[in-house]
K.L.:
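One structure follows; several queries about it will come next.
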Amino acid sequence: MSSTICLGIESTAHTFGIGIVDSSGKILANVIKAFTTEKGGIIPGEAAEHHVEVCDEAIREALGSAGIGIRDVGLVAFSRGPGMGHCLRVGAFAARTLSLHNKIPIIGVNHCISHLEIGRLLTPAKDPVLLYVSGANTQVISFEGGRYRVMGETLDIGVGNFLDVFARHIGIGFPGGPKVEQLASKSSSYVELPYVVKGMDVSFGGLLTNLKQKFDSKKFSREDLCFSLQETAFAMLLEVSERALAHCGKNELLLGGGVACNKRLQEMARVMCEERKAKLFVPDDRKVLVDNGAMIAWTGLLMHKAGMRMGIEETAIRPYERTDDVEVKWR
Ligand code: ATP
Ligand code: FE2
């Protein structure tokens with residue numbers, strides 16, 4: 001069987017990524033261009049404008065580092081959702097242009113599922129429960145009854161946004177996750193915080209308000225608050241992950257999303273897994289944990305190999321696509 005090379009485009013939020021992967025799963029390029037702001041949240045129109053600006057350069061850079069030309073590309077994949085409409089449209093437009101202009105088949109991919117598929121490619125995990133923790137998303141995903149199901153999720157903000165908002169509030173800048181992690185490592189004294197798990201879901205809104213109030217009261221150090229924040233928020237995430245493992249009868253936990261870079265989260269996950277004789281998997285390349293094009297390319301290849309095809313008229317973006325809306329023919 002001849003090998004297919006797929007070019008994958010990621011543009012659900014502030015990252016514009018181009019990944020190039022071959023059908024053996026070799027990542028030939030994974031170019032990431034992230035739009036960042038000094039203060040305030042991300043404005044969809046501005047992120048989309050960034051994506052338009054870097055698009056050509058990212059494609060050229062990716063082809064260059066893969067050492068191939070566009071003629072060698074046999075499939076174009078793009079993330080069709082969920083995400084911000086403005087941003088998704090740029091990636092979809094680029095994908096359609098490449099496809100039509102060069103007569104390459106095109107396929108739209110679910111962003112959340114691709115975080116799980118890249119983990120299955122790069123670690124020995126076969127049928128893991130995914131704890132997907134990024135800026136906007138916080139979900140526990142498992143393959144059940146022929147579909148990827150969301151077993152639990154945040155009822156309000158994603159854990160990454162929660163970290164970023166708190167970091168901004170205490171004046172340590174953006175992105176907040178790594179800075180909170182750094183400060184947390186300097187403390188080991190726990191300040192009591194609200195712990196909010198509702199059934200299989202978590203909520204960070206009340207925790208965020210409580211933390212801001214504690215900081216404003218000037219009675220607690222940044223270090224102690226960051227330490228306590230991590231212990232609390234990560235325990236909440238791992239409680240629902242553990243329950244998902246038990247409920248689904250699975251013994252592999254996979255971490256994905258930018259917050260999965262956090263060493264304390266990884267350590268707590270490792271302890272939880274050891275206690276229940278499960279295995280923990282964390283891809284060791286930061287670039288495949290955060291939003292990236294390689295995961296989109298690989299998922300596109302899996303779909304294509306399973307015979308899934310899309311006409312150009314079927315490539316509309318799906319900003320609100322649910323994980324369990326996706327038909328999975330490749331497993
Ligand atoms: P999404 O995937 O939901 O569309 P995104 O583009 O924000 O959103 P990622 O690129 O996967 O997602 O992750 C970014 C988030 O990861 C930010 O909120 C950032 O603070 C967080 N993050 C990065 N490194 C760390 C770390 N070491 N500890 C905790 N959080 C981290
Ligand atoms: Fe993501």
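Only heavy atoms go into these numbers, but all of them, side chains included; no hydrogens, no water, no symmetry mates. Just follow the structure's listing: the first ligand is 1, and inside any ligand the first atom is 1.
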K.L.:
So which protein heavy atom does atom 21 (C) of ligand 1 come closest to, and at what separation?
P.N.:
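The protein heavy atom lying closest is Val259 CG2, 3.9 Å.
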K.L.:
Give me the residue, atom name and distance of the protein heavy atom closest to atom 1 (P) of ligand 1.
P.N.:
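Ranked first by proximity to atom 1 (P) of ligand 1 is Ser134 OG, 3.3 Å.
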K.L.:
Please list, in number order, the atoms of ligand 1 under 4.0 Å from a heavy atom of Leu163.
P.N.:
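Answer, ordered by atom number: 29 (C), 30 (N).
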K.L.:
Can you tell which part of Asp291 has a heavy atom less than 4.0 Å from ligand 1: side chain, backbone, both or neither?
P.N.:
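Both backbone and side chain.
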K.L.:
Considering only the protein, which heavy-atom contact is closest to atom 13 (O) of ligand 1, and what is its distance?
P.N.:
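Ranking protein heavy atoms by distance from atom 13 (O) of ligand 1, first comes Gly258 CA, 3.3 Å.
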K.L.:
So, Glu267 and Lys263, do they make that salt bridge, N to O below 4.0 Å?
P.N.:
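Lys263 and Glu267: not salt-bridged.
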K.L.:
Angle at the Fe ion (ligand 2): provide the value between OD1 of Asp291 and OH of Tyr132, rounding to 10 degrees.
P.N.:
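Taking the Fe ion (ligand 2) as the apex, I get 170° for this pair.
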K.L.:
Check ligand 1 against His111 and write out every atom of the ligand that is under 4.0 Å from a heavy-atom position of the residue.
P.N.:
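Once the distances to His111 are compared, the set is 2 (O).
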K.L.:
What atoms of ligand 1 come closer than 4.0 angstrom to any heavy atom of Gly160?
P.N.:
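Checking each atom against Gly160, I get 18 (O).
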K.L.:
Kindly confirm or rule out a cation-pi arrangement of Arg264 over Phe234, judged by NZ or CZ under 6.0 Å from the six-membered ring centre and within 45° of its axis?
P.N.:
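That pair does not qualify as a cation-pi contact.
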K.L.:
Same cluster or not: Ile5 versus Val76, using hydrophobic residues (I, L, V, M, F, W, Y) connected whenever any side-chain heavy atoms lie under 4.5 Å apart?
P.N.:
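Yes, same cluster.
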K.L.:
Can you list the ligand 1 atoms lying under 4.0 Å from a non-hydrogen atom of Gly176?
P.N.:
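Counting from 1, the qualifying ligand atoms are 20 (O).
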K.L.:
For atom 29 (C) of ligand 1, which of the options Gly83, Ser11, Gly177 provides the nearest non-hydrogen atom?
P.N.:
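The option holding the nearest heavy atom is Gly177.
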K.L.:
Is Pro178 close enough to touch ligand 1? Criterion: a residue heavy atom under 4.0 Å from a ligand atom.
P.N.:
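True for this residue.
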K.L.:
If we check side chain to side chain contact (heavy atoms under 4.5 Å, CB included) with His86, which of these qualifies: Pro44, Ser11, Pro319?
P.N.:
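One option only clears the test, and that one is Pro44.
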K.L.:
Between the side chains of Glu252 and Arg120, is the shortest nitrogen-to-carboxylate-oxygen separation below 4.0 Å, so that they form an ion pair?
P.N.:
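Looking at Arg120 and Glu252, the cut-off is not met.
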K.L.:
Select the closest option to atom 18 (O) of ligand 1 among Asp164, Thr12, Thr15, judged by heavy-atom distance.
P.N.:
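Considering heavy atoms of Asp164, Thr12, Thr15, the nearest to atom 18 (O) of ligand 1 sits in Asp164.
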K.L.:
Would you please test Arg168 and Phe166 for side chain to side chain contact (heavy atoms under 4.5 Å, CB included) and show each step?
P.N.:
CA-CA 5 Å; Arg168 206 174 283 132; Phe166 181 64; over 6 Å; no
K.L.:
Starting from Val197, can I reach Leu208 by hopping between I/L/V/M/F/W/Y residues whose side chains sit under 4.5 Å apart?
P.N.:
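Yes, Leu208 and Val197 fall within the same hydrophobic cluster.
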K.L.:
Is the shortest heavy-atom distance from the side chain of Val180 to the side chain of Asn262 under 4.5 Å?
P.N.:
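They are not in side-chain contact.
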K.L.:
Below 3.5 Å, N or O to N or O, backbone or side chain included: is there any such pair between Pro175 and ligand 1?
P.N.:
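Checking ligand 1 against Pro175, no N or O pair falls under 3.5 Å apart.
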K.L.:
Mind checking the CG-OG1 spacing from Asp156 to Thr138? Nearest 0.5 Å is all I need.
P.N.:
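Rounded to the nearest 0.5 Å, the CG-OG1 separation comes to 9.0 Å.
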K.L.:
Students often mix this up, so state it plainly: with edges at 30° and 60°, are the rings of His14 and Phe174 parallel, tilted or perpendicular?
P.N.:
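Taking Phe174 first and then His14, their aromatic rings stand perpendicular (interplane angle over 60°).
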K.L.:
Please compare Gly135, Ala34, Cys261 and report which has the shortest non-hydrogen distance to atom 14 (C) of ligand 1.
P.N.:
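Closest candidate by heavy-atom distance is Gly135.
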K.L.:
Do me a favour and list the nearest non-hydrogen protein atom to atom 27 (N) of ligand 1 with residue, atom name and distance?
P.N.:
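Here the nearest protein heavy atom works out to Glu181 OE1, 2.8 Å.
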K.L.:
Who's the nearest protein heavy-atom neighbour of atom 28 (N) of ligand 1, and how far?
P.N.:
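Ranking protein heavy atoms by distance from atom 28 (N) of ligand 1, first comes Asn262 ND2, 3.0 Å.
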K.L.:
If hydrophobic clusters are built from ILVMFWY residues whose side chains come within less than 4.5 Å, do Leu207 and Leu237 share one?
P.N.:
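Looking at the clustering, Leu237 is in the same group as Leu207.
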K.L.:
Counting only heavy atoms closer than 4.0 Å, does ligand 1 sit against the backbone of Tyr132, its side chain, both, or neither?
P.N.:
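The part of Tyr132 near ligand 1 is the side chain, not the backbone.
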K.L.:
Side chain or backbone of Lys263 under 4.0 Å from ligand 1, or both, or neither, by non-hydrogen atoms?
P.N.:
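It is neither; nothing of Lys263 touches ligand 1.
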K.L.:
Would you say the Fe ion (ligand 2) has Cys112 as a near neighbour, meaning an N/O/S atom of that residue under 2.8 Å away?
P.N.:
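Checking Cys112: none of its N, O or S atoms is under 2.8 Å.
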K.L.:
Find all atoms of ligand 1 within a distance of less than 4.0 Å from any non-hydrogen atom belonging to Gly257, and give their numbers and elements.
P.N.:
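Those of ligand 1 that fall under 4.0 Å from Gly257 are 11 (O).
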K.L.:
So if I count the atoms of ligand 1 from 1 in the order they appear, which ones are less than 4.0 Å from some heavy atom of Ala13?
P.N.:
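Going through ligand 1 atom by atom, the ones under 4.0 Å from Ala13 are 4 (O).
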K.L.:
Using side-chain heavy atoms (C-beta onward) and a distance below 4.5 Å, is Ile170 in contact with Cys226?
P.N.:
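Sidechains of Cys226 and Ile170: in contact.
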K.L.:
Given the rule that I, L, V, M, F, W and Y join up when any side-chain heavy atoms are under 4.5 Å apart, are Met310 and Val328 in one cluster?
P.N.:
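Yes, one cluster joins them.
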K.L.:
Give the contacting part of Ala136 toward ligand 1: side chain, backbone, both or neither, where contact means a heavy-atom distance below 4.0 Å.
P.N.:
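Both the backbone and the side chain of Ala136 come within reach of ligand 1.
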